[in-house]
Colleague: 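Sharing a structure with you now.
Proteins get letters first, then strands, A, B, ... in listed order; numbering begins at 1 in each.
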Amino acid sequence: MNYEDLKATNFIEEIIIEDLKSGKHKSICTRFPPEPNGYLHIGHAKSICLNFGLAEKFGGRCNLRFDDTNPEKEDTEYVESIKNDVRWLGFSWGEKEFYASDYFEKMYEWAVELIKKGKAYVCHLSPEEMRKYRGTLNEPGIESPYRNRSVEENLLMFEKMKNGEFEEGEAVLRAKIDMSSPNINMRDPVMYRIIKSNHHRTGDKWCIYPSYDWAHGNEDSIEGVTHSICTLEFEDHRPLYDWFLDQLGVYHSRQIEFARLNLTYTVMSKRKLLKLVQEKYVSGWDDPRMPTISGLRRRGYTPESIKAFAEKIGVSKSNSTVEYSLLEYCIREDLNKRAQRCMVVLDPIKLIITNYPENHIEYLEAINNPEDESKGKRKIIFSRELFVERDDFREVPDPNFFRLTPGKEVRLQHAYYVTCKGFKKDDEGNVIEIYCEYDPDSRGGWSSDGRKVKGTIHWVDAKASIDVELRMYDHLFTKENPDDVEEGEDFTKNINTNSLVLKNGKGELFLLETDEVHFQFLRVGYFKKDEDSKDGKLIFNKTVGLKDSYNKKGK
RNA sequence: UGGGGUGUAGCCAAGUUGGUAAGGCAGCGGGUUUUGGUCCCGCCAUUUCGGGGGUUCGAGUCCUCCCGCCCCAGCCA
């Protein structure tokens, strides 16, 4: 690889290019290290795209590593979902995935080594005492009475910890650093704590588990990770990350921090997402309103759109909140090029063509994707009675309305010009039928006299159509920042009760025949066929609406 | 009154020997159009880079003081 030609697109790439040019590294190794305690979300996707993307760009590798150091919170269900999501995004991680738990033995040996060097000790302070001894942000901490035990005693005690001779909370292994450090992370941090629960991979083999700070650098070192990329909140931990590796004298990776993703109208913390699931605000981790990768997938987002999004938001160190509209732009951009077009009427109202023969049908041609000729055409049945969108008719139109209204001519997409001649109302004054006359010479939607018709609307044949369920999704929260609440309230206060609205629409027969899953329902939006669909009943999730300059302008 | 970060348009974000503010999204205006979609064109920081001083012929870039915001006191990660 010719490093001279490489251009950095962010500060991390700059660092990498420097390291490559200087010869510090011949090739790079990054890693994506999720804890399997929840489902991946769009914020993780940013990290995945960054880490795997870097490896691809610079010809290195990226390890998928499960940071499974806390058996109380972790589960194989999460491991499987994570692998599935990373794979779906289009990344591969070589021969096998890595697990922190595979290094427990090695980390134990290294801990013993630190004890022998007088750099770690077993402490019996209770959690409450330890908090008091730690001091505060402004005051230094106090040294533990166990801090200066002999190496022999520490070795013995650590052995006992490992053998389960202490109960949870009775002892921890601590690094001996500096209780008066202005960086609280350096005030003799915990390296091992006792957790007597079953680990999803090591079972009951261990009852002591390494803490994040102790484990993470070790994992990176063992795997030969050159650039260990994490989020901003770990900046304060870097001195500790470095300290452990320096004491051990082992291969030393470089930790680099970047700003995590925040998105308007959504929450991103695992705790909050878990609450949404557990308290049934949503149907599950893959509810299409969730910002999880599985949720976005079910909603109809594609891997390409998510990667494009990650590309566009960039990578920096400043806290930021990206507008949701950028994500929507990315999926529209992708689907516009690829999605099968189809006509579906969300809120049907009958339209009768009074001058069209009864008991007669004809087949019309419709283009599958105007952005892609190769997608070909399909046939649509047309007859005297159709369904059109209730919203495409106005008894009394505003000046900018150029759809169906008495006396006006519009084009039925792919079909004919029709002129509205009247309508019928029920006792309550609701329009229930619209009457039109068609121009037989306008078949296909053209007229030979060159007359212009401003409005074009979609339709389906009244008989040759199917019922479809449409799940119309909107933001899960009503506020850009869901955490913007009064004292004593939490983010669930801002849940959008209209984030899911069900509609029963009418769709082309074609929907039954095709294997496509992503659609653009003409003039409405992008939809994805949902897995809940059954033979007789098709269900579609609204991925995102089309841009609408009519409704936006406020009629 | 501790430590670590960060501050360029409504939102992201380039800007690296100081040389006269990229790009994208959003928004606005117009054109094309058998989707009010797409596409195309134009506008959108020049009393300007959080603010004040300073160095310099010249400062977003250097110095200095100040301000705002974020993170840290788990035996979570």
Colleague: Are any of R341(A)'s side-chain N or O atoms less than 4.0 Å away from OP1 or OP2 of rG37(B)?
Modeller: no
Colleague: Nearest to the N336(A) side chain among rU35(B), rC72(B), rU38(B), which nucleotide is it?
Modeller: rU38(B)
Colleague: What is the distance, rounded to the nearest whole Å, between atom NE2 of H44(A) and atom P of rA77(B)?
Modeller: 14 Å
Colleague: Could you check whether R174(A) makes a cation-pi contact with Y121(A), meaning its NZ or CZ is under 6.0 Å from the centre of the six-membered ring and within 45° of the ring axis?
Modeller: no
Colleague: Please tell me whether N37(A) and E35(A) have a donor and an acceptor in their side chains that are separated by less than 3.5 angstrom.
Modeller: yes
Colleague: rU6(B), rG36(B), rC70(B): which one has an atom nearest the side-chain heavy atoms of K317(A)?
Modeller: rU6(B)
Colleague: Parallel under 30°, tilted from 30 to 60°, perpendicular over 60°: which one fits the rings of F540(A) and F521(A)?
Modeller: perpendicular
Colleague: Could you tell me whether the side chain of L346(A) reaches within less than 4.5 Å of the side chain of D391(A), counting heavy atoms only?
Modeller: no
Colleague: Between T321(A) and G169(A), which is nearer to the 5' end of RNA chain B once each is assigned its nearest nucleotide?
Modeller: T321(A)
Colleague: Check whether any side-chain nitrogen or oxygen of S316(A) sits under 4.0 Å from OP1 or OP2 of rA13(B), and answer yes or no.
Modeller: yes
Colleague: Among rA73(B), rG36(B), rC76(B), which is the nearest nucleotide to the side chain of T136(A)?
Modeller: rA73(B)
Colleague: Is it the case that the side chain of D68(A) and the backbone of A100(A) share a donor-acceptor pair, with hydrogens and angles ignored and the cut-off at 3.5 Å?
Modeller: yes
Colleague: Heavy atoms from C-beta onward define the side chain here; which of rU35(B), rU6(B), rG3(B) lies closest to that of S318(A)?
Modeller: rU6(B)
Colleague: Rounded to whole angstrom units, what separation is found between the NZ atom of K547(A) and the C1' atom of rC40(B)?
Modeller: 13 Å
Colleague: Of the nucleotides rG36(B), rG74(B), rC76(B), which has the atom closest to the I195(A) side chain?
Modeller: rC76(B)
Colleague: NE2 of H216(A) versus P of rC76(B): gap in Å, rounded?
Modeller: 17 Å
Colleague: When we call it a touch if two heavy atoms are under 4.0 Å apart, what does E371(A) touch: a base, just sugar-phosphate, or nothing?
Modeller: base
Colleague: rG36(B), rG7(B), rC25(B): which one has an atom nearest the side-chain heavy atoms of Y329(A)?
Modeller: rC25(B)
Colleague: Identify which nucleotide among rU35(B), rG5(B), rC75(B) has an atom closest to any side-chain atom of L232(A), counting heavy atoms from C-beta outward.
Modeller: rG5(B)
Colleague: Verify the distance criterion only: is there a donor paired with an acceptor across the side chains of S181(A) and R187(A) at less than 3.5 Å?
Modeller: no
Colleague: Check every atom of rG15(B), rA77(B), rC75(B) against the side chain of E14(A) and return the nucleotide holding the closest atom.
Modeller: rG15(B)
Colleague: Examine the base of rG10(B) for any acceptor or donor lying under 3.5 Å from a partner atom in the side chain of E323(A), and report the outcome as yes or no.
Modeller: yes
Colleague: Looking at rG74(B), I'd like to know if its phosphate oxygens (OP1 or OP2) sit under 4.0 Å from a side-chain N or O belonging to R134(A).
Modeller: yes
Colleague: Please report, rounded to the nearest Å, how far the C1' atom of rC69(B) is from the CG atom of D484(A).
Modeller: 16 Å
Colleague: Side chain of V172(A) only, heavy atoms from C-beta on: which candidate in rC75(B), rG36(B), rU6(B) is closest?
Modeller: rC75(B)
Colleague: Does the base of rG36(B) carry an N or O that pairs as donor and acceptor with the side chain of D548(A) under 3.5 Å?
Modeller: no
Colleague: Between R131(A) (CZ) and rC76(B) (P), how many Å, whole number?
Modeller: 12 Å
Colleague: Taking the six-membered ring for Trp, are Y108(A) and Y192(A) parallel (under 30°), tilted (30 to 60°) or perpendicular (over 60°)?
Modeller: perpendicular
Colleague: What nucleic acid atoms does H237(A) come within less than 4.0 Å of, heavy atoms only: base, sugar-phosphate, or nothing?
Modeller: base
Colleague: Figure out the CG/C1' separation between L327(A) and rA26(B), and round it to whole Å.
Modeller: 14 Å
Colleague: Please tell me which of the listed nucleotides, rA77(B), rG24(B), rG36(B), lies nearest to the side chain of T456(A)?
Modeller: rG36(B)
Colleague: How long is the line joining CG of D213(A) and C1' of rA77(B), in whole Å?
Modeller: 9 Å
Colleague: Should the side chain of R332(A) and the base of rU38(B) be counted as holding a donor-acceptor pair, with the cut-off at 3.5 Å?
Modeller: no
Colleague: When you match S211(A) and R523(A) each to their closest nucleotide on RNA chain B, which lands nearer the 5' end?
Modeller: R523(A)
Colleague: According to a cutoff of under 5.5 Å between the ring centres and under 30° between the ring planes, does Y550(A) stack with the base of rG36(B)?
Modeller: yes
Colleague: Whole Å only: how far is the CG atom of N185(A) from the C1' atom of rC76(B)?
Modeller: 13 Å
Colleague: Report which part of the nucleic acid E257(A) touches: base, sugar-phosphate, or nothing (heavy-atom distance under 4.0 Å, all strands).
Modeller: nothing
